[in-house]
There are 2 protein chains.
Amino acid sequence: MNKTDNPTLEDVARAAGVSTATISRSINEPDKVAQKTRDRICEVINKLGYTPNFGGRALASKRTNIVGAVIPTMANAMFASGLQAFQETLSASGVTLLVASSGYNSDHELEQIRTLITHGADGLLLIGAARPKATMDFLHLRNIPFVIGWHYDNDPQRLFAGFDNHKAAQVMCDAVLQLGHRRVAMIGGITDGNDRAKSRIDGVRHAVANFAGDAVLLDILEADYTLENGGNAFAKLMSATPAPTAIICGNDVLAAGAVVRASDLGLKVPDDVSITGFDDINLATVVRPALTTMRVPQTDMGRSAARLLLARLAENRQVRSIEFEAELIRRQSLAPPGG
Amino acid sequence: MNKTDNPTLEDVARAAGVSTATISRSINEPDKVAQKTRDRICEVINKLGYTPNFGGRALASKRTNIVGAVIPTMANAMFASGLQAFQETLSASGVTLLVASSGYNSDHELEQIRTLITHGADGLLLIGAARPKATMDFLHLRNIPFVIGWHYDNDPQRLFAGFDNHKAAQVMCDAVLQLGHRRVAMIGGITDGNDRAKSRIDGVRHAVANFAGDAVLLDILEADYTLENGGNAFAKLMSATPAPTAIICGNDVLAAGAVVRASDLGLKVPDDVSITGFDDINLATVVRPALTTMRVPQTDMGRSAARLLLARLAENRQVRSIEFEAELIRRQSLAPPGG
DNA sequence: CAAATATATGCAAGCGCTTACACTTCATGC
DNA sequence: GCATGAAGTGTAAGCGCTTGCATATATTTG
């Protein structure tokens, strides 16, 4: 598995007639080296195709310039574009991204965190705040710098770049209730090991419970984020009597699945039933009717998470969590009951 | 930036009353160590929260168990899910994924390749076969093992896990022509630095040129993969006289944008104009009419690319490229001209 | 112009790990 | 019982780099 022997610092040093220290400096702190020497070194480096050996560098300098991210899955557009922004921002600072996915499973998440750390990650991006004690213990024991994305709360001990899922869901549900809906149902993500999904459901529960009127939350179904599951859950909810007049979905994929299924079942959205989404990914704008949804600042979160983590790693003391606001985007899938 | 001092092999060795070599063995080659010793060591490791220092390990063993991927962008669902599969497969072999994105720019790609290598990647996944000489030179000079995904050709010198974009586009265009379309236009991706986009366009060109009839390829527009660009390009193409009866799109995002715009413009798909996509991502199934598209085996490619790369790194000699077939998926957006 | 300071380079000690080799036990077979 | 070998462990030599310190050279200053 080892590559054929690559040139080392020493090879370069010999060829350039200087010491290894000078080469090292000309790479890492160029202005500590005379212009002339640097030029010569640069030339030799290119001729030899030298690149610093990673292991040696990491060992000597005690840092890798690698940060890791453990996200539920890249297959969800929301994480993918956030991760993209995260990576781009890191890249601009010469830091590289190690990724792993947990599949929304917390045991798996711990395993992946371990892996990333043993693979040299200086810091981590994690999604959501809730995790088992074992995971927290490991993080603390090893004193690992990390940032939590896609979630925000007031815990001053930790670093967040996210938004308040509970509040956002509540805003959405309030909007639904304001329009006159009284029989509401929800299709949420699987809450096990996913505090964002849980918060969104709680937000809806809370909104219904505190509504100054007699609204009912008929049912809450949990489903993996696929179009088909969204469709199936929708069908199930609509087969109840009385049927809900609005269905709040935990994300756009579920909602899009529901919208499509509605049309298959001959139900008109929003006339027969309103459907709302969450995240505002491409899907939301393309289904007909287009989804009323909560826009989540995916790119901003990714970018900010990177900045926070970089600052934290640079030991800037003034690192503070950033709260973003999810924004209600009104489109056609939500209307007063009965059209 | 350095973490507080973590326990080292030596700490563990001292605490367990054995030599560092034994600890190392019990981690890397457990069955070379007596059960009893191993148990004791394991206990100490857990108590101390020891994890091997990455730099030391990489330096001594000359491998990192990291592979890198440079993809155009994770924000495109097709790459995201392929990358997800790639990562999962690697993970199952204890290998971790370093990601970088090129933004479809080949200078940037080279830079990212360099970064990944200096960050310790043992091997790489790259997308598409076409790249500038400088990049190829670097890859060869450093003798870097790599696999090319999302593309296939017969070059026996290289390792592919992909499909023939040219052929796939041709299949799609043939299907369009078979249905009776004679005025065809295309909305492709930006071909600069993107051989897949180019191949898809060439495939369509080729199909039209070789059609046993008098079909015309009216126009080819290139656009970044966004819904809006797809819509704009569509509007532009439809404003020509005579207008095309079918528009072949280089990917589903462009096609979905076109379908949505068609409806905004009061055009019926497929009655007034047929639209086809490429990739078969979620979007394709959700727009109405649903997209006729080429299904691309994203997950399979990701998984196979990982297997190929792992095999290559393990120096298995019997590593051979894998060709996948894209599959024509017929849905409602394509019909004979005039409905 | 000597002294003081700034700038450029070299020296050499590790960083924490793996691994070839040497050594010690202990079981086995004759 | 003793040679033989297997199994378990230790010793120590690096892997390629960074970096504090010492040294050498250039520049400034009174």
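Here is the naming used below: chain letters follow the sequence lines, and residue numbers restart at 1 for every chain.
Using modelled atom types, one finds a donor on one side chain and an acceptor on the other under 3.5 Å when comparing B:S81 with B:Q298.
Per the geometry, CZ belonging to A:R14 stands 13 Å off P belonging to C:dC11, to the nearest Å. Taking atom CZ of B:F54 as the reference point, atom P of D:dG16 lies 15 Å away to the nearest angstrom. Between the CG atom of B:D31 and the C1' atom of D:dA7 there is a distance of 12 Å, rounded to whole Å. A:L59 places its CG atom 16 Å from the P atom of D:dG14, with the value rounded to the nearest Å. Between the CG atom of A:D11 and the C1' atom of D:dG16 there is a distance of 10 Å, rounded to whole Å. The interatomic distance linking A:N53 (CG) with C:dC17 (P) rounds to 16 Å, in whole Å. Atom NZ of B:K32 and atom C1' of D:dG8 are 11 Å apart (whole Å). Put simply, NZ on B:K62 is 13 Å from P on D:dG14, counting in whole angstrom units.
In this view, A:H151 and A:F160 satisfy the ring-ring contact (aromatic ring centres under 6.0 Å, His included) rule, not counting sequence neighbours. Under the side chain to side chain contact (heavy atoms under 4.5 Å, CB included) criterion, B:I322 pairs with B:S304, B:L308, B:F324, sequence neighbours left out. With sequence neighbours excluded, the residues satisfying ring-ring contact (aromatic ring centres under 6.0 Å, His included) with A:F54 are B:F54. Under the side-chain hydrogen bond (donor to acceptor under 3.5 Å, both in side chains) criterion, B:S91 pairs with A:Q112, not counting sequence neighbours. In this structure, the side chain to side chain contact (heavy atoms under 4.5 Å, CB included) partners of A:L59, at least two apart in sequence or on a different chain, are B:N53, B:L59.
Contact check, A:T8 against D:dG16: no side-chain N or O comes under 4.0 Å of OP1 or OP2. Regarding contacts with the backbone of D:dT9, a side-chain N or O of B:T37 is found under 4.0 angstrom from either OP1 or OP2.
Inter-axis angle, ends of the helix from C:dC1-D:dG30 to C:dC30-D:dG1, five pairs per end, rounded to 10 degrees: 30°.
Listed by first then second residue, pairs satisfying salt bridge (Lys or Arg N to Asp or Glu O under 4.0 Å) with a partner in residues 95-120 of chain A read A:E109-A:R131, not counting sequence neighbours. Residue pairs meeting the ring-ring contact (aromatic ring centres under 6.0 Å, His included) criterion with at least one member in residues 74-97 of chain B, sequence neighbours excluded: B:F79-B:W150.
Distance from the side chain of B:V18 is smallest to D:dG10 among D:dG16, C:dG16, D:dG10.
Under the 3.5 Å distance criterion, the side-chain polar atoms of A:D122 are left unmatched by any main-chain donor or acceptor of A:R63.
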List, with names and distances, any nitrogen or oxygen atoms from the protein found under 3.5 Å away from nitrogen or oxygen atoms belonging to nucleotides 18-20 of chain C.
unit_1: C:dT18; atom_1: OP1; unit_2: B:N28; atom_2: ND2; d: 2.9
unit_1: C:dT18; atom_1: OP1; unit_2: B:R57; atom_2: NE; d: 3.2
unit_1: C:dT18; atom_1: OP2; unit_2: B:S24; atom_2: OG; d: 2.6
unit_1: C:dT18; atom_1: OP2; unit_2: B:N28; atom_2: ND2; d: 3.4
unit_1: C:dA20; atom_1: N6; unit_2: B:R25; atom_2: NH2; d: 3.3

